[in-house]
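Here's the structure we're looking at; comments come further down.
Proteins get letters first, then strands, A, B, ... in listed order; numbering begins at 1 in each.
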Amino acid sequence: MPRWGMVIDLDKCFACQSCTAACRMENNTPIAGPDQAELGRAVLWNEVLPFLEGEYPHVVATLIPRPCQHCDNPPCIKVCPVQATFKNAEGIIEVNYQRCIGCRMCTVGCPYEIRYFNWYSPEWPTALTAHLNPDAETAPRPAGVVEKCTFCIQRRRKAEQQALAEGRPFTATDYIPACVQTCTGHARYFGDLDDPNSLVTKLAHSPRAMRLLEELGTLPKVYYLRQG
Amino acid sequence: MHPYNSNADLILKPVRRVNMADIFLWGVLGAFLLLGIGLYIRQLVLGLGVTGLNRPVYWGVYITDFVFFIGLAHSGTFISAILRVAGQSWRAPLTRAAEAVTLFSLPFGVLAIMTDMGRPDRILNLVFYGRYQSALLWDVTAVGLYLLSSIVFMYLSLLPDIALMRDKLTDLPAWQRKLYKTLALGWQGTPGQFHRLEKTLDGMAIFMTMLVVTVHTVVSWVFGMSLQPGWHTALIGPFFLLGAILSGTCAVVIVLALLRKVYNLEKVLPLRLFNSLRKLLITFTLGWIYMIIAEYLTGAYGNMTEEMHVINSKFYGDFAALFWGMVLLVFVVPLAVFVLKGKDNIGWMVFASILVNIGMWIERFVVIVPTEVFPRLFQHLGEGSYLPTYTEVLITLSYFAGMALLYAIFTRLFPIVPIWETAEQSVAEMAAQAETAGPQIPEPPDQPVPPVPVPGAAD
């Protein structure tokens, strides 16, 4: 069983935010609009976070694309009172939109703030409604439930169905999330962390590799390769 | 049989016909409650976006209300259960008024959290899919048990008085007499029944003492079990528990003073009760500042980066006004008032108690929101902000109105001071008196006396 993980090379990322845009198109995340975004209600499953240290002109800027970290020891799933959010067998943290009661305990539990809540029913401008992803897993979520990055689980399902149809076994290199596919700088890698020969495993063991908030013991599966 | 209480008539006086002042009060409170309901329906239709909540401040006024009202509920149990177990018999006149505060604040705590849910229509998922790994489910269980036990405890302690009203108040409207007759469950007041009742209440008091410690600790663990700076502290359980007992006891002082004034109950709620409560409140206030010092000294001394963002925001940042205001309102002013002015002075006691409760609401807010405003990745994410909307404010007000309304109606239906628990005659004396008096035969109604035939008189 693959244990899906991601590696993001910060030397190659130049924060174009195509990953953010691609994720939104792939997963039908709701539009917040400028007023709601101002309030802090933008739903960005993948976000590029600016980390600025120092004073001008000695500023060090680190720009970190941050999807759900799909932790192996997540602080978000044990707090769900109805088990609407859970870790599946392949290590992806999912949300069951039909069961979520919207208590938002998982959203306050995540130290990476990767979980989002539907404050209103989702709406898209007419021009975009024709471009909504028809996949079942990405069906627009109703108001009152939590949502977050799923490592594009619909793509995993489609890749497996494709492999089955083509009469070949499904392997870990058969699918990648939208952000990895779109990345302009080829900075993002995705694969099976349990496969010692996969690219992500090799990169995860690189001396440049680090994870966010490692001291918390959440064991995130998104690795970052430090700049320089 | 009812143990003789010379003040029974005085205590029963409020349980009479409802007057215009009542209708007006209930009308005003009811209007606020309806406003809250209306705004909630609007929130249900539009979504939680009508509040000021956002990312990262996912929990705000509603959760503050939840913690606050559950805290208020600790009043009743503290007075009836804990002081009962401790053998503090002076508490007897206060028990029902205090339990009524518990009974009517708990539902609004529950309502507050339902108001905060994104999908309240799925509330039964808590029953079907509930799992005990989640602190929220510990909450649901503890608060649910607490509500149930409070209702039972209150009802059991009411039984002899309902029976008294059934027997004594024959001039009430028929529906009210029927109500008492049904609710009295055939209580006859035999020594055996009283004995069983006392034993049951003793047992329940122990259970509820354990429950009250559990409930507010478990409420605090909704925050304490997370990893967030400011929340993830072992002290949060005792801190919330003490705060709840403090705010609850202050609520009892306020309610008692009001009842005493409005219903002329000076004789049965004498000054010395307030003096006893004053001593308890001084202890609790000092205990509260101990908790605050323990919490913030430890945090500030440790100087951990993520903790300091939150602590500094409270000491001198965006939340400084609220934080220091809270210290002033919960500790500085009330302690001074309790110690220097509170003896034999109900007015000052009420003033300080009101300040404490305002301060305690702020305290809940100051525990919940600053931690959310400064998430660990705040250097990357930027700090959050939160401004409650009128929806949240008015719905909060409607909770207070609802609680007051239920309380006011309760005082018109049931005696707010327990008559049987404050009776001068003990159950044994009552039984002895009944025995010597012999079986009670009701007097036959007056019959017209037939004319005595006078011998020799013409008919």
Shorter than 4.5 Å, heavy atoms on both sides: which option in [options] has the most such pairs with chain A?
options	result
B:V57, B:L137, B:L53	B:L53
B:G47, B:S134, B:P120	B:S134
B:L227, B:D116, B:V127	B:D116

Which atoms of [X] approach chain A - backbone, side chain, both or neither, heavy atom under 4.5 Å:
X	answer
B:W231	side chain
B:M117	both
B:T371	neither

request  = Select all residues of residues 39-46 of chain A having any heavy atom within less than 4.5 Å of some heavy atom of chain B, and report them by number, or 'none'.
outcome  = A:L39, A:G40, A:R41
note = Within residues 81-118 of chain A, contacts to chain B at heavy-atom distances under 4.5 Å involve A:P81, A:V82, A:Q83, A:Y97, A:Q98, A:R99, A:C100, A:I101, A:G102, A:C103, A:R104, A:M105, A:T107, A:V108, A:G109, A:C110, A:P111, A:Y112, A:E113, A:R115, A:Y116, A:F117
Can you tell me if [X] has over 12 outside heavy atoms packed within less than 6.0 Å of its [atom1]?
X	atom1	value
A:E55	CD	no
A:E123	CD	no
B:Y316	OH	no
A:M210	CE	yes

remark   = Interatomic distance, CG@A:L212 vs CG@B:L377, rounded to 0.5 Å, equals 6.0 Å
key: Spacing of CG belonging to A:L216 relative to CZ belonging to B:R376, to within rounding of 0.5 Å   = 4.5 Å
query = Which bit of A:E53 is near chain B, if near means a heavy-atom gap under 4.5 Å: side chain, backbone, both or neither?
reply = neither
request  = Please state whether the side chain, the backbone, both or neither of A:L63 comes within less than 4.5 Å of a heavy atom of chain B.
outcome  = neither
request  = Using a strict 4.0 Å threshold on nitrogen-to-oxygen distance, state whether A:E47 and B:R55 make a salt bridge.
outcome  = yes
ask   = So do A:E38 and B:N54 actually touch side chain to side chain, heavy atoms under 4.5 Å?
value = no
inquiry  = Checking the side chain of A:Y120 only, and the main-chain atoms of B:G49 only, is there a donor and an acceptor separated by less than 3.5 Å?
reply    = yes
